[in-house]
Amino acid sequence: MRHNFKKIEPKWQEKWEQTGVFKAVDYSDKPKFYGLVEFPYPSGAGMHVGHIKAYSSIEVVARKRRMEGYNVLFPIGFDAYGLPTENYAIKTKTHPRIITDRNIEKFSNQLKKVGFSFDWDRVVDTTQEDFYRWTQWIFLKMFDKGLVYRDKAWVNYCPSCKVVLSNEDSQGGKCDICHSDVVQKSKDVWYLRITQYADKLLEGLEQVDYPENIKQQQINWIGKSTGAFVDFSVKGIEDKLEIYTTRPDTLFGVTFMVIAPEHPLIDKYRDMVANMDEIEAYRAECNKKTEFERTQLVKDKTGVKIDGLTAINPVNGKEIPIFIADYVMMGYGTGAIMAVPGHDQRDYDFAKTFGIDIIEVIKGGNIEECAYTGDGQMVNSEYLNGYDNKKDSIARMIEELEKLGIGRAGVQYKMKDWAFNRQRYWGEPIPIVHCEYCGDVGVPYEELPLRLPDMEDFEPGQGGESPLARIDSFVACKCPKCGRDAKRETDTMPQWAGSSWYYLRYIDPHNDKCLADMDKLEYWMPVDWYNGGMEHVTRHMIYSRFWHHFLYDIGVVNTPEPYAKRSAQGLILGPDGDKMSKSKGNVIDPLDIVSEFGADTLRTYVLFMGDYGVATPWNDSSMKGCKRFLERVAALTDMLTEEEHSKSFETKIHMTIKKVSGDIENMKFNTAIATLMALLNEIYNVGSINKEDLGIFLKLMAPFAPHLAEEMWEAIGGEGMISTAQWPSYDEAKTVEATIEIGVQVNGKVKATITIPRDCDKETAIKLALEEFRVQKAIGDKTIRKEIYVPNKIVNIVAK
RNA sequence: GCAGUUGUGGCGGAAUUGGCAUACGCGCUAGACUAAGGAUCUAGUCCGGGCUUACUGGGUGCGGGUUCAAGUCCCGCCAACUGCACCA
């Protein structure tokens with residue numbers, strides 16, 4: 001047979017669709033497997049090779065599971081709300097609904113051409129009413145439970161996209177979508193209290209099977225620290241200046257305080273401040289700096305001493321100056337710090353610049369030169385003297401602070417509450433009504449979905465308000481509580497909303513009573529294996545874990561954690577080794593590969609190209625090598641024999657089954673394919689193969705190259721489709737040859753190889769080793785001191 | 001700076017977890033078949049020396065160590081990648 005992919009690929013794709021072999025069955029008696037991939041954003045550019053790689057892993061596992069007798073749920077959908085579509089819609093003056101539908105159709109066709117075994121009956125689209133109805137429902141539930149609040153706040157604002165961004169979406173001070181500089185702007189912001197779930201999100205990590213680096217990233221993102229809040233009094237005023245510190249043990253070393261430039265204390269007592277002009281000038285300078293510049297100036301500490309306000313160190317009564325400096329952020333802790341220059345490098349740099357006292361309170365370093373951040377015994381600290389610093393002093397100090405009523409133990413998180421509203425058209429309307437008398441009132445559940453109104457002109461408003469604000473008929477409404485005239489909220493939800501729970505909807509995609517039926521959830525959840533990109537580890541995954549924990553708490557899902565296991569693929573780089581990008585012109589279009597070399601070639605290559613988790617450059621020649629492999633496989637139908645296989649070939653078959661099966665489970669797809677290639681080479685060496693063995697080979701290959709496997713399976717008269725055939729099993733005893741080759745070392749250097757019966761005794765092995773000419777030569781007239789034999793591994797002769 | 005990961009042929013990468021380093025693929029070299037080869041097949045390919053099929057030296061980023069035996073374990077460097085970052 002020739003590898004006629006142009007004929008066989010459409011043929012089998014059609015058969016799979018007609019027979020519905022990939023449809024998941026609710027409540028089947030078989031064991032279940034829920035494999036999930038991150039659903040795509042249906043951009044106009046169509047699919048990227050990165051999508052192929054991201055989906056191929058679970059695709060292979062799902063196909064293997066079906067052959068192993070599992071009832072498999074392997075769904076796909078579209079995360080279709082979002083800015084790129086909206087911006088494109090504005091640019092082309094086409095409604096985003098039209099663009100979205102067009103893109104989804106394009107994506108669906110492309111996905112089908114690659115032969116992914118998705119269950120197409122369960123497709124979800126986050127922009128459809130019957131989906132976003134439940135996104136709004138979850139929001140309202142959170143609102144009811146007090147997890148939603150509105151606040152005026154300085155927010156990250158992208159002047160180009162004209163939207164408020166979450167911290168996650170503005171990392172490094174750049175807009176995640178258009179990469180322009182983010183500015184701070186005062187806005188009405190809807191927040192979700194994700195911080196209330198910080199501890200649950202941390203604890204949940206102990207129950208799931210995520211790679212260590214992913215867990216670590218999430219832990220860092222949540223950024224929990226334990227320490228203490230301490231009140232410093234300020235001379236002449238009532239208000240206390242509250243600080244947060246992780247090092248209450250160093251309180252006696254505090255020689256000054258620093259507060260954030262925008263700290264409210266300054267304005268409240270501006271009459272007492274002698275150098276307000278200087279402070280205002282410094283503030284103006286800070287505002288000009290971009291986030292990037294602020295992080296660049298790590299060494300040269302800048303700041304201004306506040307003339308007229310003096311703080312008092314609560315543990316020893318010493319008067320200490322207060323500064324403002326931009327290295328203290330309003331957004332973390334209390335926006336004020338106690339500075340311990342002896343034991344914190346930033347404080348040290350600052351103290352040196354401004355000539356402030358530096359006191360040693362922990363022995364072990366030389367504070368003449370730099371801050372000592374290590375551990376040691378406490379000194380100059382009255383009742384703490386002699387204690388070990390962290391271990392004992394922290395507890396002792398907190399005890400003291402609590403006794404005096406000037407401090408308390410506390411925790412802080414780097415993670416902030418989730419800014420949840422966008423002033424954009426293409427998103428889920430936030431189902432809230434503003435009533436003059438009742439305040440913010442949730443839209444009644446029975447009125448959901450709150451439909452996104454149709455609109456001709458969906459450009460963002462100039463003042464940064466939502467386009468929906470221009471539709472009077474949408475804004476005007478009655479208060480659901482008191483019935484008086486009220487106004488609707490006009491902001492929409494961020495793109496992360498729909499993706500925070502989409503995996504639940506696959507389980508029951510058409511349910512109009514609830515987001516998913518509990519019995520079905522009980523059957524399918526949790527997701528057994530979720531694959532996606534590293535870039536979603538700290539945002540999408542944390543958001544969706546948060547939502548899931550919430551849904552668990554209100555009793556609508558049956559597991560606290562949504563994803564039992566997570567893995568991540570590495571990028572496919574351009575042939576030049578750089579990240580693929582249109583501007584560099586190094587983008588590979590997967591559909592070009594499908595039409596020129598076939599989907600099976602593409603699928604096999606993206607998994608063969610390297611370690612699945614590591615970024616690997618695309619290589620055309622290497623890809624053609626996979627094509628050659630499939631052609632050589634196709635030719636096997638011309639090498640059929642009636643003869644029984646040899647003993648040694650039988651070993652190779654069993655070895656291959658074991659290796660391929662294990663490698664797929666461990667995501668070592670490259671070596672799984674390499675093993676199949678090696679077995680193919682062996683078949684060519686033998687020159688023929690019988691039907692039964694070829695069947696095994698095809699089954700092992702089927703998850704990678706399913707079209708060719710089906711075609712050949714049919715050609716050799718295999719029963720049914722290979723997609724539903726039984727995965728081959730192996731006999732452990734038959735995976736090893738009766739005789740094996742092992743190396744013989746003399747003083748640790750390999751000198752020869754010998755063939756020994758498997759599991760033979762030491763005596764025999766040593767005897768055979770010593771018969772070798774090269775071994776004898778290497779020993780020469782030296783005396784043998786030791787003979788080491790590790791069964792089936794190695795012989796080492798130690799001679800002196 | 002902190003956290004995590006990784007350094008192996010000309011290239012992508014293997015190595016059953018301490019036991020024959022370089023599997024598999026690409027590329028390259030030679031040959032075969034061809035009108036032709038950017039197709040296919042055969043052989044070779046870690047580097048060096050050598051009487052080029054029973055020979056020999058070196059070799060997994062660098063320097064030490066443990067061990068009969070180290071790509072793998074330990075200590076100290078160097079480099080790269082990813083994420084976070086004046087986080088108090």
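Labels below follow one simple rule: chain letters A, B, ... track the order of the sequence lines, proteins then strands, and each chain is numbered from 1.
The gap from the C1' atom of rU6(B) to that of rC86(B) amounts to 29 Å, rounded to the nearest Å. rU22(B) sits 13 Å from rU16(B) when the P atoms are compared, rounded to a whole Å. Across the C1' atoms, rG71(B) and rG9(B) are found 14 Å apart, a figure rounded to whole Å. Rounded to whole Å, the C1' atom of rG61(B) lies 10 Å from the corresponding atom of rA80(B). rG12(B) and rU17(B) are spaced 23 Å apart, taking the C1' atom of each and rounding to whole Å. Spacing between rU8(B) and rA14(B) at atom C1', rounded to whole Å, works out to 10 Å. On the P atoms, rG65(B) is 14 Å away from rG59(B), given to the nearest whole Å. For the C1' atom pair drawn from rA21(B) and rA15(B), the interatomic distance equals 7 Å after rounding to whole Å.
A cation-pi contact links Arg632(A) to Tyr684(A), judged by a cut-off of 6.0 Å to the six-membered ring centre and 45° from its axis.
Legend: residues meeting salt bridge (Lys or Arg N to Asp or Glu O under 4.0 Å) with Lys6(A), ordered by chain and number and at least two apart, are absent. Here Glu38(A) pairs with His536(A), Arg566(A) under the side-chain hydrogen bond (donor to acceptor under 3.5 Å, both in side chains) rule; sequence neighbours left out.
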Report, one pair per line, the protein and nucleotides 15-19 of chain B atoms (nitrogen or oxygen only) whose separation is under 3.5 Å.
from	atom 1	to	atom 2	distance (Å)
rA15(B)	OP1	Lys668(A)	NZ	2.8
rG19(B)	N2	Gln745(A)	OE1	3.4

Polar atoms only, N or O, under 3.5 Å: list the protein pairs with nucleotides 4-9 of chain B and their distances.
none

So which protein N/O to nucleotides 25-28 of chain B N/O distances come out below 3.5 Å?
from	atom 1	to	atom 2	distance (Å)
rG25(B)	OP1	Asn681(A)	ND2	3.3
rC26(B)	OP1	Arg628(A)	NH1	2.5

Protein-to-nucleotide contact annotation, 5' to 3' order, nucleotides 44-56 of chain B [B base; S sugar-phosphate only; - none; under 4.0 Å, heavy atom]: ----------SSS
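Residue pairs meeting the ring pair (Phe, Tyr, Trp, His ring centres under 6.0 Å) criterion with at least one member in residues 600-627 of chain A, sequence neighbours excluded, are Tyr605(A)-Trp618(A), Tyr612(A)-Phe669(A). Pairs passing the side chain to side chain donor-acceptor pair (under 3.5 Å) check and including a residue from residues 751-773 of chain A, sequence neighbours excluded, read Asp759(A)-Asn792(A), Asp761(A)-Thr764(A). Sequence neighbours left out, the pairs with a member in residues 665-679 of chain A that pass salt bridge (Lys or Arg N to Asp or Glu O under 4.0 Å) are Lys64(A)-Glu665(A), Arg65(A)-Glu665(A). Residue pairs that meet the salt bridge (Lys or Arg N to Asp or Glu O under 4.0 Å) test with at least one member in residues 601-627 of chain A, sequence neighbours left out, are Glu59(A)-Arg603(A), Lys627(A)-Glu631(A).
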Canonical and wobble pairing (Watson-Crick, G-U, under 3.5 Å) of RNA chain B, dot-bracket with |: (((((((..(((......[....)))((((((.......))))))((((.....))))..(((((..]....))))))))))))....
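Taking the six-membered ring where tryptophan is involved, the planes of Trp418(A) and Tyr543(A) are essentially parallel, since the angle between them stays under 30° and well short of 60°.
With a glycosidic angle no more than 90° from 0, rU52(B) adopts the syn conformation.
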Expected list for residues 655-662 of chain A: side-chain donor-acceptor pairs under 3.5 angstrom, two or more places apart:
from	atom 1	to	atom 2	distance (Å)
Thr656(A)	OG1	Lys652(A)	O	2.6
Lys658(A)	NZ	Glu732(A)	OE2	2.9
Lys659(A)	NZ	Asp663(A)	OD1	3.4
Lys659(A)	NZ	Asp663(A)	OD2	3.3
Ser661(A)	OG	Ile657(A)	O	2.6
Ser661(A)	OG	Trp727(A)	NE1	3.0

